[in-house]
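Take a look at the structure set out below.
Indexing begins at 1, ligand by ligand and atom by atom, following the structure's order.
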Amino acid sequence: MSEFDLIHQHFTRPTRHTNLSAGDDAALISITKGMELAVSADMLVAGTHFFADCDPYQLGWKSLAVNISDMAAMGANPRWATLAIALPEVNEPWLAEFSKGFFACADDFNVDLIGGDTTRGPLTISVQIMGEIPAGKAIKRSGAKVNDEIWISGTLGDAAMALAVMQQRFDLNSSDLNKIENALHAPQPRVKLGQALHGIASSAIDISDGLLADLGHILKSSKLGAIIRLNQVPISNIVHKNLHLKQVKNMVLAGGDDYELCFTVPSNKHAEIENLSKTLNLALSHIGHITASTDLIVHGLDNEILDIKETGFDHFN
Ligand code: ADP
Ligand code: MG
């Protein structure tokens with residue numbers, strides 16, 4: 001199979017909102033009037049970001065989903081993606097499954113794959129995503145204000161726990177693992193939430209590296225601090241029943257790969273966020289507030305102040 005056949009077979013699908021798609025030297029797109037283009041890229045390297053022998057369908061889904069999550073965090077509507085992929089060999093069944101997962105995610109979020117590059121090399125997947133956002137309305141990391149409330153979507157810690165089980169750093173029965181492993185393999189980017197937060201949220205970020213690290217980015221960009229409470233951080237039942245373990249507290253506070261949104265809102269918008277949670281049928285939890293001092297303070301289950309250095313978290317490094 002030639003490189004062109006491979007691209008045609010696995011990475012070419014009809015597009016929905018693209019003037020000229022893959023097949024020429026460049027793709028052509030038109031941006032809706034009054035919109036800004038939001039652009040972001042994320043690379044996944046075998047052995048670093050995923051296991052080389054992982055399920056190719058899930059890998060395809062996740063490589064696009066993590067990029068869409070960056071659009072969600074800006075409040076952008078994801079529209080177009082490119083895919084640059086290095087493959088050690090041409091493995092037809094693997095490629096078929098990978099592209100099935102990738103396009104399943106593209107279909108769910110109405111994203112057109114409009115081009116890319118395919119080459120031989122150590123398995124590496126690099127996706128660039130482009131989305132639209134009403135001009136001037138992007139939700140940046142730098143907009144948090146003193147006394148703003150800090151909110152989290154969904155639950156945190158499931159992905160980190162599933163990864164720890166796979167790496168035999170944590171023990172869980174298979175039925176419990178079943179309930180949480182989707183968080184790791186099939187993250188759901190919070191696009192609707194991000195777009196609904198225009199004009200409400202003062203800042204937002206998606207949680208890819210862990211709550212403390214990513215909230216830390218908001219604090220650094222906004223030059224402020226925060227107080228949060230572990231017992232208000234939303235977690236699944238499985239994480240909850242193990243929360244007495246320090247290792248599990250760390251999964252909630254510092255585990256990555258959840259792809260939930262962390263955002264700040266002025267306190268007079270509290271009821272609006274509660275309503276949004278109902279409209280979107282998505283749990284939204286108020287976990288703390290922004291402070292003028294630049295410290296990040298975390299209260300533990302008995303209201304004690306946690307030593308967050310122990311989570312491996314290093315505020316501004
Ligand atoms: P060029 O030599 O101009 O870089 P390529 O041979 O690399 O062109 O690619 C041919 C066409 O196929 C281009 O339009 C490119 O965008 C598209 N393409 C290549 N690889 C991929 C891929 N993995 N996914 C989607 N489109 C791809
Ligand atoms: Mg090329």
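A salt bridge between Asp107 and Arg16 is present, with a side-chain N of the basic residue lying under 4.0 Å from a carboxylate O of the acidic one. A salt bridge between Asp176 and Lys241 is present, with a side-chain N of the basic residue lying under 4.0 Å from a carboxylate O of the acidic one.
Of all atoms in ligand 1, numbered sequentially from 1 with element shown, those under 4.0 Å from a heavy atom of Ala22 are 14 (O), 17 (C), 26 (N). Set against the non-hydrogen atoms of Leu113, the atoms of ligand 1 under 4.0 Å away are 24 (N), 25 (C). Of all the atoms in ligand 1, the ones that sit under 4.0 Å from a non-hydrogen atom of Asp117 are 7 (O), 19 (C), 20 (N), 21 (C), 23 (N). Near Gly115, with a cut-off below 4.0 Å to any heavy atom, the atoms of ligand 1 are 16 (O), 24 (N), 25 (C), 26 (N), 27 (C). Close approach of ligand 1 to Asp25 is summarised as follows: ligand atoms under 4.0 Å from at least one heavy atom of the residue are 3 (O). Using a 4.0 Å cut-off to heavy atoms of Asp24, the atoms of ligand 1 that qualify are 13 (C), 14 (O).
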Got a list of side-chain donor-acceptor pairs under 3.5 Å for residues 275-284, not counting sequence neighbours?
unit_1: Ser277; atom_1: OG; unit_2: Leu282; atom_2: O; d: 2.7
unit_1: Thr279; atom_1: OG1; unit_2: Asn275; atom_2: O; d: 2.8

List, one per line, each side-chain donor-acceptor pair under 3.5 Å for residues 54-67, sequence neighbours excluded.
unit_1: Asp55; atom_1: OD1; unit_2: Tyr57; atom_2: N; d: 3.0
unit_1: Asp55; atom_1: OD1; unit_2: Gln58; atom_2: N; d: 2.9
unit_1: Trp61; atom_1: NE1; unit_2: Pro187; atom_2: O; d: 2.9
unit_1: Lys62; atom_1: NZ; unit_2: Leu184; atom_2: O; d: 2.9
unit_1: Lys62; atom_1: NZ; unit_2: Asp257; atom_2: OD2; d: 2.9
unit_1: Ser63; atom_1: OG; unit_2: Leu59; atom_2: O; d: 2.6
unit_1: Ser63; atom_1: OG; unit_2: Gly60; atom_2: O; d: 3.3
unit_1: Asn67; atom_1: OD1; unit_2: Asp42; atom_2: N; d: 3.1
unit_1: Asn67; atom_1: ND2; unit_2: Ser63; atom_2: O; d: 2.8

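Test Thr18, Thr15, Asp112 against Trp80 for side-chain hydrogen bond (donor to acceptor under 3.5 Å, both in side chains) and you get one pass: Thr18.
Counted within 6.0 Å of NE2 on His240, heavy atoms from surrounding residues, nucleotides or ligands total 12 or fewer; the atom is thus considered open.
When heavy-atom distances to ligand 1 are checked against a 4.0 Å cut-off, Ile7 comes that close only through its side chain, counted from C-beta outward. Neither the backbone nor the side chain of Thr12 has a heavy atom within less than 4.0 Å of ligand 1.
Between Trp151 and Phe263, the ring planes are parallel. Angles under 30° get that label, and only those over 60° would be called perpendicular.
Between Gly23 and ligand 1, at least one pair of N/O atoms sits closer than 3.5 Å. Below 3.5 Å of separation, one finds an N or O of Leu83 facing an N or O of ligand 1. For the pair Gly116 and ligand 1, the shortest N or O to N or O distance falls below 3.5 Å.
Ligand 1 has Glu3 within reach: a non-hydrogen atom of the residue lies less than 4.0 Å from it.
Two different hydrophobic clusters hold Ile227 and Leu211 under the rule that ILVMFWY side chains link at heavy-atom gaps under 4.5 Å.
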